[in-house]
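It should be emphasised that the depicted structure is a prediction, and the values quoted were computed from it without experimental measurement. Naming: A, B, ... by sequence-line order, numbering from 1 per chain.
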Amino acid sequence: MTEATAADRPAAAHVELPPMLLAGTALLGLWIVVAIGADWLAPYGPLEQDLSRTLQGPSAAHWLGTDNYGRDVLSRILHGARLDLQIAVLGVLFPFLIGNLIGLLAGYLGGWTDIVAMRLLEVTMAFPFLVLVIAIIAVLGPGLGSLYVALALVGWVSYARLTRAQVLVLKSADFVSAARVMGLGAWRVMWRHLLPNAVTPAVVFAMTDAVLVVLLGSALSYLGLGAQPPAAEWGVMIAEGQQFLASAWWICLFPGLAIVSLAMGFSLLADGLAERLGTRP
Amino acid sequence: MERFRFLIWRPVQMLPVLLGVTLVTFVLVRSLPGDPVRVLLGPRARPEMIAATRHQFGLDEPLPVQYLFFLKNLLAGDLGRSIMYRAPVFEVIAERLAPTFLLIAYALVLSILLATTFATLAARNEGRFADHLVRGFCTAGLGLPGFWLGILLIMLLSVRLGWFPVSGYGETWLGHLHHLFLPALTVAIALAPVLTRNLRATLIEQMGADHAQAARSRGLTEGEVFRRHVVPNALLPTVNLLGVNLGWLIGGTVVIESVFSIPGLGQLMVASIFTRDYMLVQGITLVFALTIVAVNLTVDVLTVALDPRVVL
């Protein structure tokens, strides 16, 4: 048996990566490079106004046109990559951490911890996701900080459910019993032995979740509840351009395409990862 | 009828959740910054007027007492009074209910039409061009921001071509369907990829199943096998998925109603948050949560009805 697995290993390294995984990584990588290098890549500043050149269509000087303040749409999109990537990362990270912690504790400790966590989960899930997020943002006041808090308070449920289910299965597995018999404390068993084995579905879901968070973050910014004008954020740009729709379509069109490509990057990554890890739902 | 016994205990089981929902809404809405009475009466209101109005709406009681009052009224079917509209919350919500539910139903019909068409096309041409095309559309559709898509549709079909109204709800039934077509289509384009993917996978699985093979060996044509044996068996997982996503969709209408200026619950909710109309926000949130509970129950019933093997 030992020989067989050892012989399998080099072969596994040759397994081709799914094309979707590669395409997703490439798209995301592109946006990360843009976010880091926005200051060098963008021909103008994101807030730089030129009131003599307002609402101009795409041209050599302004590849994607200008908005009603004469700001360069391309430069604003490139700088916007920073905010929208930040929304995707933080909007997933906080729910991921909280959800996994709760799922781990509820699944492993059981008893009252589990009962309380599960009731909390059921109550949170009874609300329409967006309605609860908006209600929390209203309490905290519109802004990106409130958006992150709201996403953390509502988004943890999916991760908690996935990880708890995994932990329930794994906690009676031999390697966990062995760790416990060796006299390891509950924390060490959970942290070092259970979590690394239970977290895979949550990681795969995080990619799908990133798609939703990108769309949600830009939608809430569009409604005036997330990033605030004049910030260069794609949803904000679309909201600002909407009233000039009939005469200056480029203000709305291009930031939307940016959202689509970022969301598709995460979507392809999620599909590829699910295929690679064999956890296709 | 043994199988349908859960119809009685499932709602009872939901009671703690509903209580939790009311508590969360109550705490959330009461911790909103700003004073609704000052918003209502304006900056030049005299202190005794403010005190009188606060008393009239019970806002001068301690919070736990206000919550108990809220629960007591709720059991009597009374959701409180809207401060901004000076009318019972129930009436204000009832007026706005129709556009939202029509929008959701409309979007559901459109997305089911889209999903069954595309999933059938993909499943019957598995691995061929049509299949790849449908799967490509699904991946792209999942990444489309609804509000942006809505704006593009307005620009193209309403402003440029003049086929549809730019916003609003219309007066007659035909007018409603005309006004709500673009919003419903926008929502459907977001939902259809999820359904299509699921339905396609289940259809393909069922096409290779033993019972389909048996039907073929009895001499049925591929079309007959598909209609009579494959489709009925593939419906169940999709109905379940529809239930899961509907809760998400109800929330999503908030954005779409704002884009298309539809006088529905979602738009009312956002407006009420900014005018700090506590009772109204509470009522709407509750209506939404109740709807989701009801939908989940309906999905359970449909699951039992569609599959005789399922016992809940």
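Proximity to chain A involves both the backbone and the side chain of B/V21, based on heavy atoms less than 4.5 angstrom apart. Neither the backbone nor the side chain of A/L262 has a heavy atom closer than 4.5 Å to any heavy atom of chain B. In this structure, chain B has heavy atoms under 4.5 Å from both the backbone and the side chain of A/V131. Interface remark: A/S218 contributes backbone and side-chain atoms alike to the contact with chain B (heavy atom separation under 4.5 Å). For A/I137, no part lies near chain B; criterion is any non-hydrogen pair under 4.5 Å. Both the backbone and the side chain of B/M155 come within contact range of chain A, judged by heavy atoms closer than 4.5 Å. If you measure heavy-atom distances from B/L152 to chain A, the contacts under 4.5 Å come from the side chain alone. Both the backbone and the side chain of A/I134 come within contact range of chain B, each with at least one heavy atom under 4.5 Å from a heavy atom of that chain. In this structure, the portions of B/A140 lying under 4.5 Å from any heavy atom of chain A include both its backbone and its side chain. Within the 4.5 angstrom heavy-atom criterion, atoms from both the backbone and the side chain of B/L144 approach chain A. Both the backbone and the side chain of A/E122 come within less than 4.5 Å of a heavy atom of chain B.
Residue A/R161 places its CZ atom among 12 or fewer non-hydrogen atoms of other residues, nucleotides or ligands, all under 6.0 Å distant. A/Y69 OH: 12 or fewer foreign heavy atoms inside a 6.0 Å radius. Enclosure of atom CZ in B/F137 is not indicated, since only 12 or fewer non-hydrogen atoms of other residues, nucleotides or ligands lie within 6.0 angstrom. Counting non-hydrogen atoms of neighbouring residues, nucleotides and ligands closer than 6.0 angstrom, the CZ atom of A/R119 exceeds 12 such neighbours.
Shown here for B/T139 and A/M264, the closest heavy-atom pair between the two residues is O-CG, 3.9 Å. Annotation for A/P128 and B/A289: closest pair CD-N, 4.3 Å, computed over non-hydrogen atoms. For the residue pair B/M269 and A/A135, the shortest heavy atom distance occurs at CE-CB, 4.4 Å. Here the shortest heavy-atom pairing between A/G256 and B/P145 reads O-CG, 4.5 Å.
In this structure, B/F147 CZ and A/C252 SG are separated by 9.0 Å, a value rounded to the nearest 0.5 Å. We find the CG-OG distance between B/L142 and A/S267 to be 5.0 Å, quoted to the nearest 0.5 Å. Residue B/I154 holds its CD1 atom at 6.0 Å from CD of A/Q242, rounded to the nearest 0.5 Å.
Contact tally against chain A (heavy-atom pairs below 4.5 Å) for B/I292, B/I151, B/V255: the top residue is B/I151.
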Test side chain to side chain contact (heavy atoms under 4.5 Å, CB included) applied to B/V259 and A/Y222, step by step
CA-CA 10 Å; B/V259 174; A/Y222 165 82; 3.5 Å; yes
- Take A/D271 and B/R135 through the salt bridge (charged side-chain N to carboxylate O under 4.0 Å, His left out) test and state the conclusion after the steps. CA-CA 12 Å; A/D271 286 354; B/R135 293 176 73 183; over 6 Å; no
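Here the side chains of B/F288 and A/L132 are not in contact, with every heavy-atom distance at 4.5 Å or above. At least one side-chain heavy atom of A/F127 sits less than 4.5 Å from a side-chain heavy atom of B/V24.
For the side-chain contact (heavy atoms from CB on, under 4.5 Å) test with B/W148, the passing option among A/L257, A/I259, A/L215 is A/L257; the others fail.
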